[in-house]
Amino acid sequence: MRRDEHKLFYGVDRITILIYALLVIMGWLNIYAAVYNEAHQSIFDTSQKYGKQLIWIGGAIALATFILIIDANFYTVFAYFFYGFLLLACIAVPFLGREVKGSRSWFRFGDFGIQPAEFMKFATNLALAKFLSNENIEVENSSRRTRLSDLIKNYKNTIFAVAILGLPLVIIKLLQDETGLAIVFMAFIITLYREGLSINFLLFGLLSALLFVLSLVMDSKTLIISLSVISLLSFVFVRRTRKNVIIVSIILAAASGVVLGTNYVYEHLEPHQKTRIDVLLGRGTVDLKKEGYNVNQAKIAIGSGGFFGKGYLQGTQTKYDFVPEQDTDFIFCTVGEEWGFLGSSIVILLELTLILRVIFMAERQRSDFSRIYGYGVASVLFFHLAVNVGMTIGLMPVIGIPLPFFSYGGSSLWSFTILLFIFIKLDANRLLILK
Amino acid sequence: MSKNAQLADRKFIIGGFFILVALIYIFRLFYIQLVDDQYLKDARNNAFRHRTEYPVRGYIFDRKGKLLVMNAQSYDLWVTPNQVKDCDTIAMCEILEIDKKEFLKRMKKARQAPNSPRKESIFEKQLSPAVYAALQEKLYRFKGFDVQSRTVRKYPRPIAAHLLGYVGEVSKEKAAKDPYYREGDYIGVSGIEKSYEEALRGVKGVQIVMVDVNNKTKGRYMNGMYDTLAVPGKALFSSIDAEMQEYGEKLMHGKKGSIVAIEPSTGEILCLVSNPSYDPNLLVGGKLRAKNYAMLQMDTLNVPLFNRATQAMYPPGSIFKLIDALIGQKDGVLKTSTVYPCHSGYPPMGGKPKCHAHPACDLTHSIQQSCNSYYSYVFRSIVDQPAFPKFKDGYQHWRDAVMSFGPGTKLGYDIPYEKPGNVPSVKYYDKVFGTNGWRSNTIVSLGIGQAELTIVPIQMANVVSIIANHGYYYVPHVIKGVGTEKKLDTMYTRKHYAYVTDHQIYENVIDGMQLVVESGTARTSKIPDIVMCGKTGTAQNPHGKDHAVFVAFAPRENPKIAIACVVENSGFGGTYAAPIVSLMVEKYLKGKITRPDIEKRMMEVDIINNKNLIPTKHH
């Protein structure tokens, strides 16, 4: 037994590794299909993306092995260090990195590039886990709040936690102008919820989003009148105490504020973000040759796949470049077209299984740090899955984030690998620690 | 820990939410991949291009296997506008001999619907060999331009233009009506090319090629599993004898008119000459055809595009007497012994119609002498015969009998734009003269093939064919076999009977026809060793000199050829029409000419330009 503890794979969750390997292999096959052309058939051709991806995969395996070798305590101890270091890198990259296709988020090394923002995810997750696992900290104290100072004191930890995830979000958005990379940090709210954040915050967020969408597709006057009617009707179910009346009034006022604010926010969005929202909601006239092109072509590629798909390397839409970004953010189109409903469902279910497995593993941790970190992993993976697949099938606005383990790209593959394997290591270590 | 235990239930909410989202996505996938098929259609529109493969048009052979029509390669210049980059417009314009304005106009056209910047469209059709050579050399410099080959018609012998017809671009109306054609496709416009279009054209093939987003070809869809091969057009085996046709056209040189020869035993048309004619090679190729067509159309003096053999309607003149003689005998109002007086004209009408001086004659000699008076009697005896108390019924009977020989009807042969000729109806005369304003004597000149009666040269030949066959004909046709199996429509193998079918009645008339050539109005056209039976005619022409007509068949026993010839504005039939026919018959039956002097004369006479070498005789 004692000797086993020193083995590399001691206690490592095999199911997770298996799903991870499956996704990476399937991802590579689809990158090969998306980039495939008759002229370059050698899979080791590093001038082609599938050749490069092989190198990235090799790197990922090395990274994973390295992570499993290192003592688990390393991640706990250096959590804040990683966070700080990468945050600095994120700040530095717009000034030191080379601009690639208008993007200021890359450090370039010859043909290869690294996006520090991708690695910010695991660092943030580590920092959040470290902060929240502190014995004395609880997200949202449930004790009675009577005075404003109490309120601030009780919510101080929540605010601090939100700051940990908000800082990279703001920096990446403002300095690098990478909405996709930035918005991912919102996923950690799910972790906060698991650790005690009131569901009201999530509901408020969801409701705001719903109202935002509604006020874009509906007339705002009609919407506010409808909301008022709903508020009045709510007293059928809620006792008309003074307190309840005030609460409902506040909710109604806030909702109306969101409705009225929507147009203001919408008008202040960047043009391409506006059109992405318009495309998603079918607002106004969408020109399928211009702003609607990506999403329409993506849907065409997936929709034409049928049940079994067109067969490997037989996809006409993806292979012949009708779908833009088909090897990175729109990789799911290749899956949909060539593997059909069967293949795309399997990919979604595999990703879902991995995420649920991670949740399951998180719940079996003795250490709060490991559990919180696990939820962070699940949240980030889920967020990527939902947004990435959602945009290709027209259920989400186009936000350029990759499909975990699937999309082409070294930074995203490595960052997901690090994110996941730190958790695998923490999980493998769970039996060795008391708490 | 207790705190954690309290919150641990949230894992179900989180997990449930994740599962819910995944299920919504799978349901959405189910919808767009399996329920809504619009995406599949869009995908095909995106990546598939249906490329037409044009079949090779069928060849046409003459009755001896000589090529009449074949194909030659022609080259079109195509352009894909959005692939055109840094085009040296000036160089291109120089090669194509167009100006910059025209160049820009064409580029604009190639961009606009139904063309598209992403699709190929024709920039210049049928490049001349010189332009093709110049372009081919420099094509690499013109990105987005491409030369593609197509086949066009080629005529190894410049003969039979009217008969063969030509191939041109399909009209917009036709393309809209017939799903086979698309604008820009070729179609037979006239002649055999038109009537046998479906056999000749073959079947277009379709290649489904896949293209990428830049419209670059990426190969065949499913390795060509759903492609259809072009089926080449069928060869046509014509009954035309190229040598005869060529010879006939030579003989008709300098004359307006036509020669039609038919093999009586089959109805096969041996030659169909219409002059003035043109070299069919003139009407090949887009630009060239348009130019030449306009030129031919503008020649209003010679009207070279007019097919006289099937469309020119002439009064038949004296050849019509043969039909009268047959009907009269059949109705029992005329016997071989019947003799009618002639005093240089028809006595009951005060000498009208007029006739030339000759002794009174019986049936045989009335044909030999072509007596106008005799056939005025015959015509009236048919119309006024006792079997029909009302003369109008008699006239109707005569008209029906005449039409059973072809005049006034469409024979249904395989050359388009058939003209029926005219045999006036009772109704017509009622209208002209009033219901009670006419009698048989009013219209007596019908009996000698004059007045409103008109007939087309091919019908003349068919009438002689009926006589040679003693009472029946096959629908004349120029194609005797389609495709390698040489199929022939059964409508050409069915006998059509004329009103008169009695052998002896024909023999009586043929006796007279033999005398016409031996010692009658066409005695100068006697062919050594061949018994030819014929009849001269003069078709009245109110606009100028009369048209000469001669019809004949030969040999008398087992006839091989029935032939009609019209030479416009040449007066009496024996002068030109009969010698030309005799030369044609001799050429056909013997394969050589034994009377070179006549041949030389006939070829040299240029009536159109008034170079008449023979003094006109009047009979």
Side-chain angles (χ1 to χ4, degrees), chain A residues 37-38 138-139 142 190-191 193-196 199 202 288 296-297 299-307 309-310 314-317 319-324 336-337 340-342 344-345 348-349 351-353 355-356 359-360 362-363 368 371 375 378-379 381-382 385-386 389-390 393-395 435, chain B residues 1-49 82 116-118 208-223 225:
Chain A
N37 72 46
E38 280 80 357
E138 275 174 14
V139 176
S142 58
I190 296 171
T191 311
Y193 167 68
R194 168 61 185 83
E195 294 310 316
I199 193 148
L202 294 184
L288 292 181
N296 187 47
Q297 291 298 334
K299 278 197 277 184
I300 287 173
I302 296 171
S304 65
F307 187 81
K310 295 177 185 170
Q314 302 299 319
T316 50
Q317 308 306 300
K319 199 163 61 165
Y320 299 146
D321 304 331
F322 289 99
V323 183
E337 190 184 14
F341 176 68
L342 195 66
S344 25
S345 300
I348 291 179
L349 290 176
E351 296 262 8
L352 179 70
T353 311
I355 292 163
L356 294 178
I359 291 179
F360 169 79
E363 289 293 344
D368 287 341
R371 184 186 68 247
Y375 266 94
S379 306
L381 293 181
F382 172 76
L385 174 69
V389 175
I393 56 178
L395 290 180
K435 160 118 200 224
Chain B
M1 279 303 280
S2 65
K3 187 90 186 178
N4 186 36
Q6 215 177 24
L7 289 170
D9 283 350
R10 289 191 170 186
K11 72 187 171 200
F12 296 115
I13 294 172
I14 294 169
F17 175 66
F18 289 179
I19 291 169
L20 178 72
V21 169
L23 286 179
I24 289 172
Y25 281 19
I26 288 172
F27 183 78
R28 169 76 173 172
L29 281 170
F30 180 84
Y31 179 76
I32 67 171
Q33 293 187 307
L34 300 176
V35 180
D36 192 345
D37 62 352
Q38 185 56 43
Y39 298 108
L40 191 60
K41 285 181 202 154
D42 288 348
R44 297 221 158 117
N45 280 340
N46 257 348
F48 291 176
R49 295 282 175 274
N82 69 357
S116 142
R118 284 168 58 181
I208 308 174
V209 288
M210 297 184 292
V211 294
D212 69 4
V213 69
N214 297 316
N215 209 34
K216 231 179 245 155
T217 307
K218 286 295 187 177
R220 297 218 184 152
Y221 175 59
M222 298 291 278
N223 284 323
M225 211 166 90

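Proteins get letters first, then strands, A, B, ... in listed order; numbering begins at 1 in each.
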Exercise for the section: Determine the option with the most heavy-atom pairs under 4.5 angstrom with chain A, choosing from B:I13, B:D36, B:D37. Expected result: B:I13
Handout entry: Atom CZ of A:F307: over 12 foreign heavy atoms under 6.0 Å
Key = yes
Fill in the blank from the handout: Rounding to 0.5 Å, atoms CG (A:L349) and CD1 (B:I19) come to a distance of 10.0 Å
Handout entry: Per-residue contact mode, A:L395 against chain B (heavy atom under 4.5 angstrom)
Key = side chain
Completion exercise
Looking only at B:Q38, B:K41, B:M210, most heavy-atom pairs under 4.5 Å shared with chain A are made by B:M210
Problem - Side chain B:Y25, main chain A:A386, donor-acceptor under 3.5 Å - result: yes
Practice task
Give a yes or no on whether the backbone of A:G305 and the side-chain of B:Q33 come within a donor-acceptor separation of less than 3.5 Å.
Solution key: no
Exercise for the section: First locate atom CD1 of B:I14, then atom CG of A:L356, and finally report the distance between them rounded to the nearest 0.5 Å. Expected result: 11.0 Å
Problem - Heavy-atom side-chain proximity of B:F18 to A:I190 below 4.5 angstrom - result: yes
Problem - A:F382 portion near chain B, given a 4.5 angstrom heavy-atom threshold - result: side chain
Practice task
Sort A:I359 into side chain, backbone, both or neither according to what part of it lies under 4.5 angstrom from a heavy atom of chain B.
Solution key: side chain
Completion exercise
If one checks every heavy atom of A:F360 against chain B at 4.5 Å, the contacting part turns out to be neither
